[in-house]
Amino acid sequence: MTEPDTFVRWFRASSPYIHAHRGKTFVVFFGGEALLDERFTGLIHDLALLHGLGIRLVLVHGIRPQIERRLETLGISSRYHRNLRITDPRALECVKEAAGQVRVEIEARLSMGIADSPMAGLRLKVVSGNFVTARPLGVIDGIDFEHTGEVRRVDRENIQALLAGENLVLVSPLGYSPSGETFNLGAERVAMAIAGAIGADKLLLLMEHDCIDARIRSPIRQMTTAEARDLLNWEAFTPEVAQHVEAAVEAVEHGVTRAHLLDRHVDGALLLELFSRDGIGTLIAAEPFETLRGARIEDIGGILELIEPLEREGILVKRSRERIEMEIGDYWVIERDGLIIGCAALHAFPEAGMGELACLALHPEYRGEDRGKRLLEAIEEKARSLGLRRLFVLTTRTTHWFLERGFRLVDFNELPVERKSCYNYKRNSKILLKCL
Ligand SMILES: CC(C)(COP(=O)(O)OP(=O)(O)OC[C@H]1O[C@@H](n2cnc3c(N)ncnc32)[C@H](O)[C@@H]1OP(=O)(O)O)[C@@H](O)C(=O)NCCC(=O)NCCS
(Lines give C-alpha, C1' and ligand atoms only; values in the text may rest on other atoms or scores of the structure.)
Protein backbone atom coordinates (compact mmCIF):
# COMPACT_ATOMS: atom_id res chain seq x y z
CA MET A 1 0.00 0.00 0.00
CA THR A 2 1.32 3.46 -0.89
CA GLU A 3 1.85 5.89 1.99
CA PRO A 4 -0.71 8.74 1.78
CA ASP A 5 1.98 11.45 1.39
CA THR A 6 3.75 9.46 -1.35
CA PHE A 7 0.46 9.07 -3.13
CA VAL A 8 -0.38 12.77 -2.85
CA ARG A 9 3.09 13.80 -4.06
CA TRP A 10 2.90 11.36 -6.94
CA PHE A 11 -0.58 12.49 -7.95
CA ARG A 12 0.40 16.15 -7.83
CA ALA A 13 3.53 15.47 -9.85
CA SER A 14 1.45 13.90 -12.62
CA SER A 15 -1.01 16.81 -12.82
CA PRO A 16 1.02 18.86 -15.40
CA TYR A 17 0.89 15.83 -17.70
CA ILE A 18 -2.82 15.29 -17.14
CA HIS A 19 -3.46 18.91 -18.17
CA ALA A 20 -1.03 18.67 -21.09
CA HIS A 21 -2.59 15.50 -22.55
CA ARG A 22 -6.28 16.39 -22.21
CA GLY A 23 -7.94 16.82 -25.62
CA LYS A 24 -4.86 15.50 -27.44
CA THR A 25 -4.96 12.69 -30.00
CA PHE A 26 -2.77 9.62 -29.51
CA VAL A 27 -2.45 6.64 -31.82
CA VAL A 28 -1.43 3.50 -29.93
CA PHE A 29 -0.06 0.39 -31.64
CA PHE A 30 0.36 -3.02 -30.05
CA GLY A 31 1.17 -6.36 -31.69
CA GLY A 32 -1.04 -9.46 -31.56
CA GLU A 33 1.43 -10.83 -28.98
CA ALA A 34 -0.01 -8.41 -26.41
CA LEU A 35 -3.33 -10.26 -26.45
CA LEU A 36 -1.67 -13.55 -25.60
CA ASP A 37 -0.11 -12.08 -22.49
CA GLU A 38 -1.73 -12.06 -19.05
CA ARG A 39 -0.72 -8.38 -18.77
CA PHE A 40 -3.19 -7.51 -21.54
CA THR A 41 -5.92 -6.71 -19.01
CA GLY A 42 -3.59 -4.13 -17.46
CA LEU A 43 -3.03 -2.54 -20.87
CA ILE A 44 -6.79 -2.36 -21.46
CA HIS A 45 -7.27 -0.68 -18.07
CA ASP A 46 -4.54 1.85 -18.88
CA LEU A 47 -6.11 2.64 -22.25
CA ALA A 48 -9.50 3.11 -20.58
CA LEU A 49 -7.86 5.46 -18.07
CA LEU A 50 -6.27 7.54 -20.86
CA HIS A 51 -9.69 7.78 -22.51
CA GLY A 52 -11.19 8.82 -19.18
CA LEU A 53 -8.60 11.59 -18.86
CA GLY A 54 -9.87 13.14 -22.08
CA ILE A 55 -7.29 11.76 -24.50
CA ARG A 56 -8.61 10.88 -27.96
CA LEU A 57 -7.44 7.38 -28.78
CA VAL A 58 -6.97 5.40 -31.96
CA LEU A 59 -5.85 1.81 -31.29
CA VAL A 60 -4.15 -0.18 -34.01
CA HIS A 61 -3.57 -3.86 -33.28
CA GLY A 62 -1.35 -6.45 -34.95
CA ILE A 63 -2.30 -10.07 -35.67
CA ARG A 64 0.96 -11.79 -36.58
CA PRO A 65 0.93 -14.68 -34.00
CA GLN A 66 -2.79 -15.26 -34.58
CA ILE A 67 -2.22 -15.63 -38.34
CA GLU A 68 0.72 -17.92 -37.72
CA ARG A 69 -1.31 -20.16 -35.44
CA ARG A 70 -4.03 -20.56 -38.10
CA LEU A 71 -1.52 -21.30 -40.86
CA GLU A 72 0.15 -23.87 -38.65
CA THR A 73 -3.16 -25.60 -37.96
CA LEU A 74 -3.71 -25.86 -41.70
CA GLY A 75 -0.16 -27.12 -42.18
CA ILE A 76 0.82 -24.09 -44.27
CA SER A 77 4.18 -22.48 -43.62
CA SER A 78 4.49 -18.68 -43.34
CA ARG A 79 6.45 -17.03 -46.12
CA TYR A 80 8.29 -13.75 -45.53
CA HIS A 81 10.46 -11.48 -47.62
CA ARG A 82 12.08 -8.37 -46.13
CA ASN A 83 10.30 -9.20 -42.88
CA LEU A 84 6.92 -8.85 -44.65
CA ARG A 85 4.45 -11.68 -45.05
CA ILE A 86 3.65 -12.91 -48.52
CA THR A 87 -0.13 -13.28 -48.43
CA ASP A 88 -1.45 -15.87 -50.87
CA PRO A 89 -5.23 -16.56 -51.04
CA ARG A 90 -5.08 -19.23 -48.29
CA ALA A 91 -3.03 -16.95 -46.02
CA LEU A 92 -5.51 -14.15 -46.69
CA GLU A 93 -8.32 -16.30 -45.29
CA CYS A 94 -6.25 -16.75 -42.12
CA VAL A 95 -5.56 -13.00 -42.00
CA LYS A 96 -9.30 -12.21 -42.15
CA GLU A 97 -10.14 -14.76 -39.47
CA ALA A 98 -7.35 -13.55 -37.20
CA ALA A 99 -8.30 -9.89 -37.64
CA GLY A 100 -11.93 -10.63 -36.85
CA GLN A 101 -11.13 -12.70 -33.79
CA VAL A 102 -8.63 -10.19 -32.37
CA ARG A 103 -10.88 -7.20 -33.00
CA VAL A 104 -13.83 -8.88 -31.25
CA GLU A 105 -11.58 -9.88 -28.34
CA ILE A 106 -10.37 -6.28 -27.88
CA GLU A 107 -13.90 -4.88 -28.19
CA ALA A 108 -15.08 -7.33 -25.54
CA ARG A 109 -12.28 -6.35 -23.16
CA LEU A 110 -12.98 -2.66 -23.70
CA SER A 111 -16.64 -3.26 -22.91
CA MET A 112 -15.95 -4.62 -19.43
CA GLY A 113 -17.39 -2.67 -16.58
CA ILE A 114 -17.56 -5.09 -13.69
CA ALA A 115 -17.53 -3.82 -10.14
CA ASP A 116 -14.21 -3.90 -8.26
CA SER A 117 -12.24 -3.38 -11.48
CA PRO A 118 -10.63 -0.15 -12.72
CA MET A 119 -13.32 -0.06 -15.41
CA ALA A 120 -16.29 -0.27 -13.04
CA GLY A 121 -19.22 1.76 -14.33
CA LEU A 122 -17.38 2.75 -17.51
CA ARG A 123 -19.19 2.75 -20.85
CA LEU A 124 -16.62 3.01 -23.61
CA LYS A 125 -17.84 3.49 -27.16
CA VAL A 126 -15.56 1.53 -29.52
CA VAL A 127 -15.83 1.91 -33.29
CA SER A 128 -14.06 -0.12 -35.99
CA GLY A 129 -14.48 0.28 -39.73
CA ASN A 130 -13.12 0.67 -43.24
CA PHE A 131 -10.80 3.55 -42.46
CA VAL A 132 -7.92 2.44 -44.67
CA THR A 133 -7.85 2.17 -48.45
CA ALA A 134 -5.05 -0.08 -49.65
CA ARG A 135 -3.26 -1.16 -52.80
CA PRO A 136 -1.14 -4.22 -53.48
CA LEU A 137 2.51 -4.01 -52.55
CA GLY A 138 3.21 -5.71 -55.87
CA VAL A 139 6.37 -7.49 -56.92
CA ILE A 140 9.61 -6.70 -55.06
CA ASP A 141 12.95 -8.38 -55.83
CA GLY A 142 11.01 -10.61 -58.21
CA ILE A 143 8.69 -11.77 -55.41
CA ASP A 144 4.94 -11.24 -55.72
CA PHE A 145 3.50 -10.25 -52.34
CA GLU A 146 -0.01 -11.03 -53.62
CA HIS A 147 -2.54 -9.86 -50.98
CA THR A 148 0.02 -8.02 -48.89
CA GLY A 149 -0.71 -4.36 -49.38
CA GLU A 150 0.27 -0.85 -48.43
CA VAL A 151 -1.81 2.08 -47.23
CA ARG A 152 -3.13 4.24 -50.04
CA ARG A 153 -5.45 6.58 -48.16
CA VAL A 154 -6.81 7.10 -44.66
CA ASP A 155 -10.35 8.31 -44.04
CA ARG A 156 -9.18 11.21 -41.90
CA GLU A 157 -12.55 13.02 -41.66
CA ASN A 158 -14.39 9.94 -40.44
CA ILE A 159 -11.78 9.11 -37.79
CA GLN A 160 -11.67 12.69 -36.56
CA ALA A 161 -15.47 12.90 -36.39
CA LEU A 162 -15.60 9.67 -34.37
CA LEU A 163 -12.92 10.92 -31.98
CA ALA A 164 -14.78 14.21 -31.55
CA GLY A 165 -17.83 12.13 -30.58
CA GLU A 166 -15.78 10.57 -27.73
CA ASN A 167 -15.48 7.23 -29.49
CA LEU A 168 -12.42 5.07 -29.19
CA VAL A 169 -11.37 4.08 -32.71
CA LEU A 170 -10.09 0.53 -33.15
CA VAL A 171 -8.28 -0.34 -36.37
CA SER A 172 -7.23 -3.78 -37.66
CA PRO A 173 -4.30 -4.11 -40.07
CA LEU A 174 -6.51 -4.61 -43.10
CA GLY A 175 -7.18 -2.30 -46.02
CA TYR A 176 -9.74 -2.45 -48.79
CA SER A 177 -9.33 -1.45 -52.42
CA PRO A 178 -11.97 0.36 -54.47
CA SER A 179 -12.32 -2.89 -56.45
CA GLY A 180 -13.46 -4.64 -53.25
CA GLU A 181 -10.30 -6.60 -52.49
CA THR A 182 -8.88 -7.02 -48.98
CA PHE A 183 -5.19 -6.50 -48.23
CA ASN A 184 -3.04 -7.58 -45.33
CA LEU A 185 -1.11 -4.57 -44.02
CA GLY A 186 1.76 -4.07 -41.59
CA ALA A 187 0.03 -2.89 -38.40
CA GLU A 188 2.75 -0.39 -37.44
CA ARG A 189 2.54 1.05 -40.99
CA VAL A 190 -1.21 1.48 -40.52
CA ALA A 191 -0.62 3.19 -37.16
CA MET A 192 1.98 5.49 -38.74
CA ALA A 193 -0.25 6.37 -41.70
CA ILE A 194 -3.27 7.12 -39.49
CA ALA A 195 -1.21 9.18 -37.03
CA GLY A 196 0.17 11.26 -39.91
CA ALA A 197 -3.19 11.63 -41.66
CA ILE A 198 -5.11 12.82 -38.61
CA GLY A 199 -2.22 14.98 -37.31
CA ALA A 200 -1.94 13.01 -34.06
CA ASP A 201 -0.02 14.53 -31.18
CA LYS A 202 1.62 11.23 -30.39
CA LEU A 203 2.22 7.84 -31.90
CA LEU A 204 2.91 5.25 -29.19
CA LEU A 205 4.33 1.96 -30.42
CA LEU A 206 4.28 -0.86 -27.88
CA MET A 207 7.00 -3.23 -28.99
CA GLU A 208 8.18 -6.68 -28.02
CA HIS A 209 11.60 -5.29 -27.03
CA ASP A 210 13.20 -2.15 -25.66
CA CYS A 211 14.74 0.14 -28.26
CA ILE A 212 18.45 -0.53 -28.01
CA ASP A 213 21.45 0.07 -30.21
CA ALA A 214 22.11 -3.63 -30.90
CA ARG A 215 25.77 -3.02 -31.79
CA ILE A 216 26.63 -1.90 -28.26
CA ARG A 217 23.56 -3.23 -26.46
CA SER A 218 22.80 0.20 -25.11
CA PRO A 219 19.26 1.56 -24.66
CA ILE A 220 18.36 4.74 -26.53
CA ARG A 221 16.17 7.17 -24.64
CA GLN A 222 15.68 9.85 -27.27
CA MET A 223 16.51 10.56 -30.87
CA THR A 224 15.79 13.27 -33.36
CA THR A 225 14.44 11.97 -36.65
CA ALA A 226 17.83 12.74 -38.25
CA GLU A 227 19.68 10.73 -35.58
CA ALA A 228 17.23 7.85 -35.98
CA ARG A 229 17.76 7.83 -39.75
CA ASP A 230 21.53 7.69 -39.23
CA LEU A 231 21.16 4.73 -36.85
CA LEU A 232 18.89 2.98 -39.36
CA ASN A 233 21.51 3.48 -42.07
CA TRP A 234 24.20 2.05 -39.78
CA GLU A 235 21.96 -0.96 -39.10
CA ALA A 236 22.05 -0.28 -35.38
CA PHE A 237 18.72 -2.03 -34.72
CA THR A 238 17.38 -5.56 -34.97
CA PRO A 239 14.94 -5.90 -37.92
CA GLU A 240 11.92 -5.85 -35.58
CA VAL A 241 13.02 -2.67 -33.80
CA ALA A 242 14.10 -1.08 -37.11
CA GLN A 243 10.57 -1.58 -38.48
CA HIS A 244 9.12 0.35 -35.54
CA VAL A 245 11.79 3.06 -35.63
CA GLU A 246 11.08 3.58 -39.34
CA ALA A 247 7.34 3.91 -38.69
CA ALA A 248 8.01 6.36 -35.84
CA VAL A 249 10.37 8.49 -37.93
CA GLU A 250 7.98 8.61 -40.87
CA ALA A 251 5.10 9.57 -38.57
CA VAL A 252 7.09 12.52 -37.17
CA GLU A 253 8.15 13.51 -40.68
CA HIS A 254 4.45 13.55 -41.59
CA GLY A 255 3.61 15.97 -38.81
CA VAL A 256 3.07 13.83 -35.68
CA THR A 257 4.58 15.83 -32.82
CA ARG A 258 6.19 12.91 -31.04
CA ALA A 259 6.60 9.18 -31.42
CA HIS A 260 7.37 6.90 -28.48
CA LEU A 261 8.75 3.37 -28.62
CA LEU A 262 7.90 1.36 -25.52
CA ASP A 263 8.65 -2.12 -24.29
CA ARG A 264 5.16 -3.49 -23.67
CA HIS A 265 6.47 -5.98 -21.07
CA VAL A 266 6.88 -3.13 -18.59
CA ASP A 267 3.71 -3.07 -16.51
CA GLY A 268 2.01 0.32 -17.02
CA ALA A 269 4.46 1.30 -19.79
CA LEU A 270 1.99 3.82 -21.25
CA LEU A 271 1.34 5.49 -17.91
CA LEU A 272 5.01 5.67 -17.00
CA GLU A 273 5.84 7.18 -20.37
CA LEU A 274 3.03 9.71 -20.37
CA PHE A 275 2.82 10.81 -16.75
CA SER A 276 6.37 10.84 -15.45
CA ARG A 277 9.11 13.33 -16.12
CA ASP A 278 11.54 11.07 -17.95
CA GLY A 279 9.33 8.22 -19.09
CA ILE A 280 10.61 4.73 -19.75
CA GLY A 281 10.69 4.48 -23.51
CA THR A 282 12.40 6.05 -26.50
CA LEU A 283 11.18 9.39 -27.73
CA ILE A 284 11.53 10.41 -31.37
CA ALA A 285 10.90 14.03 -32.31
CA ALA A 286 11.96 16.40 -35.06
CA GLU A 287 13.70 18.67 -32.60
CA PRO A 288 16.05 17.61 -29.79
CA PHE A 289 14.30 16.50 -26.62
CA GLU A 290 16.28 19.03 -24.60
CA THR A 291 17.28 22.43 -25.89
CA LEU A 292 19.13 25.43 -24.55
CA ARG A 293 17.65 28.57 -26.07
CA GLY A 294 16.71 32.19 -25.51
CA ALA A 295 13.64 32.51 -23.29
CA ARG A 296 10.20 33.48 -24.58
CA ILE A 297 7.25 35.10 -22.81
CA GLU A 298 5.47 31.73 -22.56
CA ASP A 299 8.43 30.38 -20.52
CA ILE A 300 7.78 32.77 -17.62
CA GLY A 301 5.50 30.34 -15.76
CA GLY A 302 8.17 27.64 -16.00
CA ILE A 303 10.95 30.01 -14.88
CA LEU A 304 8.92 31.12 -11.85
CA GLU A 305 8.19 27.52 -10.89
CA LEU A 306 11.89 26.75 -11.07
CA ILE A 307 13.18 29.71 -9.06
CA GLU A 308 10.48 30.11 -6.42
CA PRO A 309 11.81 27.35 -4.12
CA LEU A 310 15.31 28.88 -4.39
CA GLU A 311 13.92 32.33 -3.58
CA ARG A 312 12.21 30.92 -0.50
CA GLU A 313 15.55 29.48 0.62
CA GLY A 314 17.22 32.85 0.04
CA ILE A 315 19.58 31.39 -2.60
CA LEU A 316 18.12 33.63 -5.30
CA VAL A 317 16.78 37.18 -4.98
CA LYS A 318 13.01 37.45 -5.32
CA ARG A 319 11.88 38.46 -8.83
CA SER A 320 8.32 39.39 -9.74
CA ARG A 321 6.57 38.08 -12.82
CA GLU A 322 6.45 41.66 -14.18
CA ARG A 323 10.19 42.09 -13.78
CA ILE A 324 10.97 38.82 -15.57
CA GLU A 325 8.47 39.77 -18.26
CA MET A 326 10.29 43.08 -18.84
CA GLU A 327 13.70 41.41 -18.87
CA ILE A 328 12.73 38.22 -20.72
CA GLY A 329 15.16 39.05 -23.54
CA ASP A 330 18.02 38.62 -21.02
CA TYR A 331 17.05 35.05 -20.13
CA TRP A 332 18.19 31.67 -21.37
CA VAL A 333 16.40 28.47 -20.57
CA ILE A 334 16.91 24.74 -20.87
CA GLU A 335 13.67 23.14 -22.01
CA ARG A 336 13.26 19.42 -21.60
CA ASP A 337 10.18 17.74 -23.02
CA GLY A 338 8.17 20.94 -22.72
CA LEU A 339 9.30 21.73 -19.16
CA ILE A 340 11.75 24.46 -18.13
CA ILE A 341 14.47 22.75 -16.10
CA GLY A 342 17.16 25.44 -16.14
CA CYS A 343 17.54 29.19 -16.55
CA ALA A 344 20.05 32.01 -16.36
CA ALA A 345 20.04 35.70 -17.27
CA LEU A 346 22.58 38.18 -18.57
CA HIS A 347 21.99 41.82 -17.64
CA ALA A 348 24.28 44.08 -19.65
CA PHE A 349 26.04 47.21 -18.35
CA PRO A 350 27.48 48.34 -21.70
CA GLU A 351 29.06 51.56 -20.42
CA ALA A 352 31.16 49.61 -17.96
CA GLY A 353 31.81 46.87 -20.53
CA MET A 354 30.36 44.42 -18.00
CA GLY A 355 27.58 41.88 -17.78
CA GLU A 356 25.87 40.38 -14.75
CA LEU A 357 25.10 36.68 -14.69
CA ALA A 358 21.93 36.33 -12.65
CA CYS A 359 19.18 33.89 -11.80
CA LEU A 360 21.24 30.79 -12.60
CA ALA A 361 19.18 27.79 -11.52
CA LEU A 362 18.65 24.18 -12.36
CA HIS A 363 15.85 21.88 -11.33
CA PRO A 364 17.23 19.69 -8.49
CA GLU A 365 16.66 16.49 -10.48
CA TYR A 366 18.88 17.72 -13.30
CA ARG A 367 21.94 19.01 -11.46
CA GLY A 368 25.45 17.65 -11.73
CA GLU A 369 25.32 16.85 -15.44
CA ASP A 370 27.06 19.94 -16.81
CA ARG A 371 23.87 21.84 -17.55
CA GLY A 372 24.98 24.67 -15.23
CA LYS A 373 28.25 24.80 -17.13
CA ARG A 374 26.42 24.92 -20.47
CA LEU A 375 24.20 27.77 -19.30
CA LEU A 376 27.26 29.66 -18.11
CA GLU A 377 28.95 29.11 -21.49
CA ALA A 378 25.87 30.38 -23.33
CA ILE A 379 25.81 33.50 -21.16
CA GLU A 380 29.55 34.07 -21.69
CA GLU A 381 29.18 33.73 -25.45
CA LYS A 382 26.27 36.17 -25.46
CA ALA A 383 28.24 38.64 -23.33
CA ARG A 384 31.20 38.44 -25.74
CA SER A 385 28.89 39.00 -28.72
CA LEU A 386 27.61 42.17 -27.00
CA GLY A 387 31.21 43.38 -26.66
CA LEU A 388 31.26 42.92 -22.86
CA ARG A 389 34.68 42.11 -21.49
CA ARG A 390 33.88 41.13 -17.91
CA LEU A 391 31.17 39.04 -16.34
CA PHE A 392 30.23 39.32 -12.67
CA VAL A 393 27.87 37.47 -10.39
CA LEU A 394 26.55 38.09 -6.88
CA THR A 395 26.10 35.00 -4.78
CA THR A 396 25.57 33.96 -1.19
CA ARG A 397 25.85 30.17 -1.36
CA THR A 398 27.44 29.22 -4.65
CA THR A 399 30.83 30.96 -4.47
CA HIS A 400 32.91 27.86 -5.05
CA TRP A 401 30.99 26.79 -8.09
CA PHE A 402 31.99 30.09 -9.74
CA LEU A 403 35.56 30.02 -8.38
CA GLU A 404 36.01 26.62 -10.01
CA ARG A 405 34.86 28.09 -13.32
CA GLY A 406 37.33 30.94 -13.66
CA PHE A 407 35.70 33.61 -11.49
CA ARG A 408 37.61 35.38 -8.72
CA LEU A 409 36.36 37.20 -5.65
CA VAL A 410 36.47 40.99 -6.05
CA ASP A 411 35.65 44.08 -4.08
CA PHE A 412 32.33 45.95 -4.16
CA ASN A 413 34.06 48.83 -5.99
CA GLU A 414 34.51 46.69 -9.09
CA LEU A 415 30.74 46.73 -9.76
CA PRO A 416 29.33 49.10 -12.40
CA VAL A 417 28.00 52.32 -10.85
CA GLU A 418 24.33 51.54 -11.60
CA ARG A 419 24.69 48.13 -9.95
CA LYS A 420 26.34 49.54 -6.84
CA SER A 421 23.31 51.68 -6.14
CA CYS A 422 21.05 48.65 -5.88
CA TYR A 423 23.42 46.35 -3.99
CA ASN A 424 21.53 44.79 -1.10
CA TYR A 425 23.76 45.12 1.98
CA LYS A 426 21.45 42.89 3.98
CA ARG A 427 22.13 39.94 1.65
CA ASN A 428 25.85 40.63 1.88
CA SER A 429 26.45 38.67 -1.31
CA LYS A 430 29.93 37.81 -2.46
CA ILE A 431 30.97 39.39 -5.74
CA LEU A 432 32.79 37.29 -8.29
CA LEU A 433 34.23 38.41 -11.60
CA LYS A 434 35.51 36.71 -14.71
CA CYS A 435 37.35 38.32 -17.63
CA LEU A 436 35.99 37.09 -20.94
C1 LIG B 1 24.75 25.96 -9.12
C2 LIG B 1 24.00 25.17 -10.16
C3 LIG B 1 23.39 26.12 -11.20
C4 LIG B 1 24.97 24.22 -10.84
O5 LIG B 1 24.30 23.50 -11.84
P6 LIG B 1 24.80 22.04 -12.28
O7 LIG B 1 24.14 21.69 -13.58
O8 LIG B 1 24.61 21.10 -11.16
O9 LIG B 1 26.32 22.32 -12.56
P10 LIG B 1 27.40 21.41 -13.18
O11 LIG B 1 26.89 20.05 -13.51
O12 LIG B 1 28.03 22.19 -14.28
O13 LIG B 1 28.40 21.32 -11.92
C14 LIG B 1 28.17 20.42 -10.89
C15 LIG B 1 29.23 20.61 -9.81
O16 LIG B 1 28.93 21.80 -9.09
C17 LIG B 1 28.96 21.52 -7.70
N18 LIG B 1 28.05 22.43 -7.01
C19 LIG B 1 26.71 22.46 -7.06
N20 LIG B 1 26.24 23.43 -6.25
C21 LIG B 1 27.32 24.02 -5.70
C22 LIG B 1 27.48 25.06 -4.76
N23 LIG B 1 26.45 25.72 -4.25
N24 LIG B 1 28.73 25.40 -4.41
C25 LIG B 1 29.78 24.75 -4.93
N26 LIG B 1 29.72 23.75 -5.80
C27 LIG B 1 28.47 23.38 -6.18
C28 LIG B 1 28.51 20.08 -7.63
O29 LIG B 1 28.93 19.49 -6.41
C30 LIG B 1 29.21 19.48 -8.82
O31 LIG B 1 30.56 19.25 -8.55
P32 LIG B 1 31.17 17.78 -8.42
O33 LIG B 1 30.67 17.03 -9.63
O34 LIG B 1 32.62 18.00 -8.40
O35 LIG B 1 30.58 17.29 -7.15
C36 LIG B 1 22.88 24.32 -9.51
O37 LIG B 1 23.44 23.53 -8.51
C38 LIG B 1 21.75 25.14 -8.91
O39 LIG B 1 20.76 25.41 -9.57
N40 LIG B 1 21.87 25.51 -7.62
C41 LIG B 1 20.88 26.26 -6.93
C42 LIG B 1 20.81 27.68 -7.44
C43 LIG B 1 22.08 28.44 -7.31
O44 LIG B 1 22.85 28.26 -6.39
N45 LIG B 1 22.29 29.36 -8.27
C46 LIG B 1 23.41 30.25 -8.30
C47 LIG B 1 22.94 31.53 -7.74
S48 LIG B 1 24.09 32.78 -7.95
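Both ligands and their constituent atoms are indexed starting at 1 by order of listing.
Atom numbering of ligand 1 starts at 1 in the shown order; those under 4.0 Å from a heavy atom of I315 are 42 (C), 43 (C), 44 (O). For ligand 1 and K373, the ligand atoms under 4.0 Å from any heavy atom of the residue are 12 (O). The atoms of ligand 1 that sit less than 4.0 Å from any heavy atom of L310 are 41 (C), 42 (C). Listed by number with element, the atoms of ligand 1 under 4.0 Å from a non-hydrogen atom of L362 are 5 (O), 6 (P), 7 (O), 38 (C), 39 (O).
Among all protein heavy atoms, the one lying closest to atom 27 (C) of ligand 1 is W401 CD1, 3.7 Å. Taking atom 37 (O) of ligand 1 as the reference point, the nearest protein heavy-atom neighbour is R367 CD, 3.3 Å. Here the protein heavy atom with the shortest distance to atom 11 (O) of ligand 1 is D370 N, 2.7 Å. Looking at atom 23 (N) of ligand 1, its nearest protein heavy atom turns out to be R397 O, 3.2 Å. Distance from atom 1 (C) of ligand 1 to its nearest protein heavy atom, with residue and atom name: T398 CG2, 3.7 Å.
Between F40 and F30, the distance from one ring center to the other falls under 6.0 angstrom. Remark: aromatic rings of F29 and H244 are close, center separation under 6.0 Å.
In terms of N/O distances under 3.5 Å, ligand 1 is not approached by A361. For L316, no nitrogen or oxygen atom sits less than 3.5 Å from a nitrogen or oxygen atom of ligand 1, counting backbone and side chain alike. Any N or O atom pair closer than 3.5 Å counts here, and G368 shares at least one such pair with ligand 1. Residue H400 has no nitrogen or oxygen atom sitting less than 3.5 Å from a nitrogen or oxygen atom of ligand 1, judged on distance alone. The distance criterion of under 3.5 Å between nitrogen or oxygen atoms is not met by T395 with respect to ligand 1. Remark: ligand 1 and L360 share an N or O pair separated by less than 3.5 Å (distance only, no angle test).
Between Y425 and Y423, the angle of the ring planes goes over 60°, which puts this pair in the perpendicular group of the 30/60° scheme.
Under the 4.0 Å distance rule, the nearest protein heavy atom to atom 43 (C) of ligand 1 falls inside the cut-off. For atom 47 (C) of ligand 1, the nearest protein heavy atom lies closer than 4.0 Å. Protein heavy atoms are found inside the 4.0 Å sphere centred on atom 7 (O) of ligand 1. Atom 32 (P) of ligand 1 lies below 4.0 Å from none of the non-hydrogen atoms of the protein. Within a 4.0 Å radius of atom 13 (O) of ligand 1, the protein contributes one or more non-hydrogen atoms.
Salt bridge status for D299 with R293: present, with a side-chain N to carboxylate O gap under 4.0 Å. Contact check on R321 versus E325 returns no salt bridge, with no Lys/Arg side-chain nitrogen under 4.0 Å from an Asp/Glu carboxylate oxygen. R319 has no carboxylate O lying under 4.0 Å from a charged side-chain N of E311, or vice versa, which leaves the two without a salt bridge. Here E327 pairs with R323 in a salt bridge; the nearest charged N to carboxylate O distance falls below 4.0 Å.
Using a 4.5 Å heavy-atom cutoff, the side chains of R56 and F26 are not in contact.
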List the steps and the verdict of side-chain contact (heavy atoms from CB on, under 4.5 Å) for L185 and V132.
CA-CA 10 Å; L185 307 175; V132 178; 3.7 Å; yes
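No donor-acceptor contact under 3.5 angstrom links the side chains of Y366 and R371, judged on distance only. Between the side chains of E107 and S128, a donor-acceptor pair is found at a separation under 3.5 Å. Between the side chains of H209 and T238, no donor-acceptor pair of N or O atoms lies under 3.5 Å.
In this structure, R12 forms no cation-pi arrangement with W10, as its terminal cationic atom is not both closer than 6.0 Å to the ring centre and no more than 45° off the ring axis.
Residue R405 places a heavy atom under 4.0 Å from ligand 1.
The backbone of E369, and not its side chain, has at least one atom closer than 4.0 Å to an atom of ligand 1 (non-hydrogen atoms only; backbone = N, CA, C, O). Proximity of L375 to ligand 1, defined as any heavy-atom pair under 4.0 Å, is not found for any part of the residue. Residue contacts with ligand 1, taken as heavy atom pairs separated by less than 4.0 Å, do not involve R374 at all.
The CG atom of L432 lies 10.0 Å from the CZ atom of R408; values are rounded to the nearest 0.5 Å.
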